[in-house]
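Below: one structure, written as structure tokens.
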Amino acid sequence: MERYNFKEVEEKWQKSWDDTNAFSTKLDKNKKKFYCLEMFPYPSGKIHMGHVRNYTIGDVLSRYKSLKGFNVLHPMGWDAFGMPAENAARDNNLDPKEWTNSNIITMKNQLKKLGLSIDWEREISTCSEDYYKHQQTFFLELLKKGLVYRKENYVNWDPIDETVLANEQVIDGRGWRSGAIVERKKLSQWFFKISKFSQDLLDGLETLNAWPNKVKTMQKNWIGKSFGCEIDFKINGDLPVNKIRCFTTRPDTLFGFSFLALSVDHEVSKYFLENEDFIKFKEECSKTGTTEEAIAVGEKIGFKTNLKAVNPLKPEEEVPVYFANFVLMDYGFGAVFGCPAHDQRDFDFAKKYKLNIKTVVAPFGKEESYTVIDEAYPGPGVLINSDFLNGLEAPSKSVDETIKILEKRNLGKRKVNYRLKDWGVSRQRYWGCPIPIMYDENGDSHPIPESFLPVKLPENINLKVKGNPLDNEENWKYISVDGKKYTRETDTLDTFVCSSWYYLRFCSPNESKYGFKNDEIDYWMPVDQYIGGVEHAILHLLYSRFFMRAINYRNENFNITEPFQSLFTQGMVCHETYKDNKNNWLSPDQVEKVGNKYFLKGNKNEIVKVGPSESMSKSKKNVIDPEHIIESYGADSVRLFILSDSPPEKDVQWSEQGMVSSYKFIQKLWALHKIIKSKLLDEKKDTFDENIEKFTNQTISKITSNLEKFNYNVIIANMYETYNYLINYLKNNKNMSNLENNYKKILICFSPVIPHFSSECLYEIGISNYKWPEYDEKLIQDDKIKIVIQINGKKRALLDVEKGIEKSELLEIVRKDKNLEKYLVEKEIKKVIFVENRLMNILLNE
RNA sequence: GCCCUCGUGGUGAAAUUGGUAGACACAAAGGACUUAAAAUCCUUGCCCUUUUGGGAGUGCCAGUUCGAGUCUGGCCGAGGGCACCA
């Protein structure tokens, strides 16, 4: 038997697709469009299994939609700015641009070997001037619209390298390269006013019906709308501070007020800048990281002032005012009203500083005797110990009621607050899009004039400097405009900015004047299906949604608010982890499995420790190189395997055995193909066979609906079922006249998953132009069905009956059935539940 | 710590969306073919019964229902996100 030569076949078809630009797309208003987009990759060096999975999922969909007659846009590009290039370049004395571009070439070749139906004529790279120059235009447009501003913000500062660190570069509070203890430091930075659109971004979520609920919930929580009240607390003390404004969602617990906590950056802090203890305290606070997690987990510490805050509902009561490390200047007004009995964080703080803990909410039914002792009670209940508020249901009625009282007495104001912070886009790095701004001698910022745009990144620069490399480029740093000398902005833009609009660029990749053409985005946008990792659920997706609104804002020609119509978040590719006896990570190809035990390859004496299966990552060495796998088994086998084992939205375990079985399956399909082909050549074809007709229609129906629902793993099962059916069927059947037509349809159904194999087989039976097959609804129905008979809810029989059988008729059959007789004899039937074509449940009087 | 998601055989999973739990595959055991091995094919798969058959069973505990993997509440466990990785 001739074996299937995947190498030859795959190369042949890939070349043919390349030569004919088979997947290049043009705007065609007569055709319905389908824009399929997968999150574009960072060109880190080689593609990894996560890419294989992501792009296979998108490719299956694109090929299917294309066969369905859509004008499919399926582009690919490179998210090419970012830290890894800068680090690799710095460590190996390379140019980030060369490093990036050579990675792009490698990865593009690897993607082509997967047989993806990509329109490579639309390839873009965010680090090319052609791309980032438009981004500078957008930046200046947004600046003009008042959506960009400058403010001070904290960063992770490495005092040895004199550089800003990303959160991931801070390991256990120390800089990853220098080992210095990382400090919080304030820097003046550029911000996008995403908070202006808080409500709009929240409302927009309601329209995204084809997004996973979990992503919508995450974004909703991220935006963090809360209803509450702003309260001005009267302040007594020896400083010229009369009042401090607070936002709270629980004004109803004011009678449990026991301290007021301020951020160390609160304006009141200006009176403490000469206080040595306060300075020390502030330094102590700066050691807590900048992440929310670090603040939440870290110890709560405070600095007591001699100020007192007055309880607005009980003017005779004064409580101390503290500075505290857990209060953020970004949220509310940088001041928190502390009610320890009903907030765990406040409770911990109060315990530590021995402050009053007064219970003001009791769970329902415990109004008489309830007191908070060991932990805060944040749940619902009834207000107690609260004077005129007593008895109100908390928080459902009490919050609203309290706000009314505060408003009436002019002590507070109803307010909606959002957690969403403005987007800081300044990065103190070289390898990013330059921010088109310059500063005059007073330090005031000005847009770079149009005639000086784009601002190009300087080349051949020294990356091994302290601080920001661009800041050290004396030849680049200064610009002279109209005879006046300016200093350039040396920060570059966050790479999330690049990925916030790239999907527009794919619509007009060659437009040179502006980032996109209106008629092209009008046709192609929105993206019909966006596919990527759930790790982008919040930031990238929210930033993109913001970016569309920002361009839309005061722009009559731009009508997009939601860029991604449907979203699919795929799971990760996981593999077991291995360690040797010195606890060093081992890669799977260093490990050998004998029986149930794992050994170091070539050394049966050293047992390898097997760890849990985790997302493939270089640091844990549990990676499988897709290129190597494609070479050994072929692209179709890899595509088949990566889809087969788990639903695409869940994590999948990489398994060599699973991979081999996919490979074998293709070989079996090839053998089947040869049998069918020989039957087709046989001239005696006199019988028309209904069975295969019916089977084919059922298969088309199943695969079509599973494609629509992203049940790609089930499609693979459908493919196995199809093989199992056909191989048995052909054993027992002579030649039939309708074999070719049915086989053709089956091959087309397989083609989105295994395009090379299917193309070759279709070609071999002489078919080159084809569409997605339709199925006949009448043909997929069975006349005979199996119906479940339950007695008192327990399954007792499975009966073969005519489809559509009536309740009374079925009951007669049941009564006569020998196996069921014993249950029914001498019993009275109380009730019969009948679900047509499904089941009958007979309830007996016991 | 906060937010989100997910728990079904030895393993990955399927289940017409409240109606036959375990499709399809991997692994294992037994068998067939073979001098032998590989490859391939067949059978088996929790407990009781020789069989027919019966029982338990979808992380744990309750609840709703004629009926729960699916709905509700509580608990336990795993994973993801937490604003400068992309």
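Only this structure's heavy atoms are used, side chains among them; waters, hydrogens and symmetry mates stay out. Residue numbering restarts at 1 for every chain, and letters A, B, ... go by the order of the sequence lines.
- If you check B:A29 for Watson-Crick or wobble pairing at under 3.5 angstrom, you find it paired to B:U43.
- Base pairing of B:C6 is made with B:G77, judged by Watson-Crick or G-U wobble geometry with both donor-acceptor distances under 3.5 Å.
- Among the nucleotides B:C24, B:A15, B:U5, the one closest to the side chain of A:K214 is B:U5.
- If you check every strand for non-hydrogen atoms under 4.0 Å, A:N718 touches nothing.
- Projected onto RNA chain B by closest heavy-atom contact, A:V652 and A:L420 fall at different nucleotides, the more 5' of which corresponds to A:V652.
- Counting to the nearest Å, the P atom of B:C84 and the CH2 atom of A:W190 are 18 Å from each other.
- Within 4.0 Å (heavy atoms only), A:E293 reaches at least one base atom of the nucleic acid.
- Using a 30° and 60° split on the angle between ring planes, A:Y530 and A:Y502 fall in the tilted class, from 30° to 60°.
- The six-membered or imidazole ring of A:Y418 lies away from that of A:W222, with a centre-to-centre distance of 6.0 Å or more.
- At the phosphate of B:G54, OP1 or OP2 sits under 4.0 Å from a side-chain N or O atom of A:Y823.
- Contact annotation for A:R796: backbone-only contact, meaning every heavy-atom pair under 4.0 Å involves sugar-phosphate atoms and none involves a base.
- In this view, A:K803 satisfies the salt bridge (Lys or Arg N to Asp or Glu O under 4.0 Å) rule with no residue, not counting sequence neighbours.
- Checked against A:F197 for a ring pair (Phe, Tyr, Trp, His ring centres under 6.0 Å), the options A:F546, A:Y543, A:W423 give a single hit: A:F546.
- The phosphate of B:C26 has neither OP1 nor OP2 within less than 4.0 Å of any side-chain N or O from A:S655.
- Because its glycosidic torsion is more than 90° from 0, B:G69 is reported here as anti.
- If you take OH of A:Y154 and C1' of B:A83, they are 16 Å apart, rounded to a whole angstrom.
- The A:E721 side chain lies nearest to B:A23 when the options are B:C84, B:A23, B:C26.
- The side chain of A:Q653 approaches B:G12 more closely than any other nucleotide in the set B:A13, B:G12, B:U40.
- Nucleotide B:U64 carries an anti base; the chi torsion (O4'-C1'-N9-C4 or O4'-C1'-N1-C2) is more than 90° from 0.
- Minimum atom distance to the side chain of A:L839 is reached by B:G19, of the listed B:G19, B:A14, B:C84.
- A:P212 comes within contact range of no nucleotide atom at all, as no heavy-atom separation falls under 4.0 Å.
- Here the P atom of nucleotide B:U16 and the CD1 atom of A:I780 are 16 Å apart, to the nearest Å.
- Contact annotation for A:Q428: base contact, defined as any heavy-atom pair under 4.0 Å involving a base atom.
- Residue-level contact check: A:S44 touches neither bases nor backbone, having no heavy atom under 4.0 Å from any strand.
- With sequence neighbours excluded, the residues that form a side-chain contact (heavy atoms from CB on, under 4.5 Å) with A:R545 are A:L201, A:L205, A:L208, A:W211, A:Q219, A:L542, A:R549, A:E562, A:P563.
- A:Q189 comes within contact range of at least one nucleobase, with a heavy-atom separation under 4.0 Å.
- The closest side-chain donor-acceptor pair between A:D491 and A:Q428 falls under 3.5 angstrom.
- Within 4.0 Å (heavy atoms only), A:V832 reaches no atom of the nucleic acid at all.
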- Note on the structure: Readout for nucleotides 66-81 of chain B: B = base within 4.0 Å of protein heavy atom, S = sugar-phosphate only, - = neither; 5' to 3' it is B-------------SS
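- Counting any heavy atom pair closer than 4.0 Å across all strands shown, A:R345 reaches no nucleic acid atom.
- A:F496 comes within 4.0 angstrom of a nucleotide base, judged by non-hydrogen atoms across all strands.
- Among the nucleotides B:C84, B:U40, B:G54, the one closest to the side chain of A:K664 is B:U40.
- OP1 or OP2 of B:C41 has at least one side-chain nitrogen or oxygen of A:K668 nearer than 4.0 Å.
- Closest to the side chain of A:V714, from the set B:G12, B:C84, B:A15, is B:A15.
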List the atom pairs, with distances to 0.1 Å, where a side-chain N or O of residues 837-844 of chain A and a protein N or O form a donor-acceptor pair under 3.5 Å, not counting sequence neighbours.
unit_1, atom_1, unit_2, atom_2, d
A:N837, OD1, A:G804, N, 2.8
A:N841, OD1, A:G793, N, 2.9

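- The base-pairing partner of B:G22, taking Watson-Crick or G-U wobble contacts with both distances under 3.5 Å, does not exist among the strands shown.
- Among the nucleotides B:C26, B:C84, B:A86, the one closest to any side-chain atom of A:H536 is B:A86.
- With A:Y154 as the aromatic partner, A:K186 meets the cation-pi criteria of under 6.0 angstrom to the ring centre and within 45 degrees of the ring axis.
- Both distances falling under 3.5 Å, in either a Watson-Crick or a G-U wobble arrangement, place B:G1 opposite B:C82.
- At the heavy-atom level, A:G658 lies nowhere under 4.0 Å from the strands shown.
- Nucleotide B:U52 is matched to nothing when pairs are restricted to Watson-Crick or G-U wobble geometry with both distances under 3.5 angstrom.
- With B:A15, B:U17, B:A25 as the choices, the nucleotide that has an atom nearest any side-chain atom of A:R838 turns out to be B:U17.
- Partners of A:N87 under the side chain to side chain donor-acceptor pair (under 3.5 Å) rule, at least two apart in sequence or in another chain, are A:R177.
- Distances from the side chain of A:K421 to the nucleotides B:G54, B:A83, B:A86 place B:A83 closest.
- The side-chain contact (heavy atoms from CB on, under 4.5 Å) check on A:L799 picks up A:I787, A:I789, A:A797, A:V801, A:L810, A:I813, A:V814, A:D817, with sequence neighbours excluded.
- Across B:C85, B:A86, B:A13, the shortest atom-to-atom separation from the side chain of A:T495 is found for B:A86.
- Using a 4.0 Å cut-off, some side-chain N or O of A:N724 falls inside it from OP1 or OP2 of B:A25.
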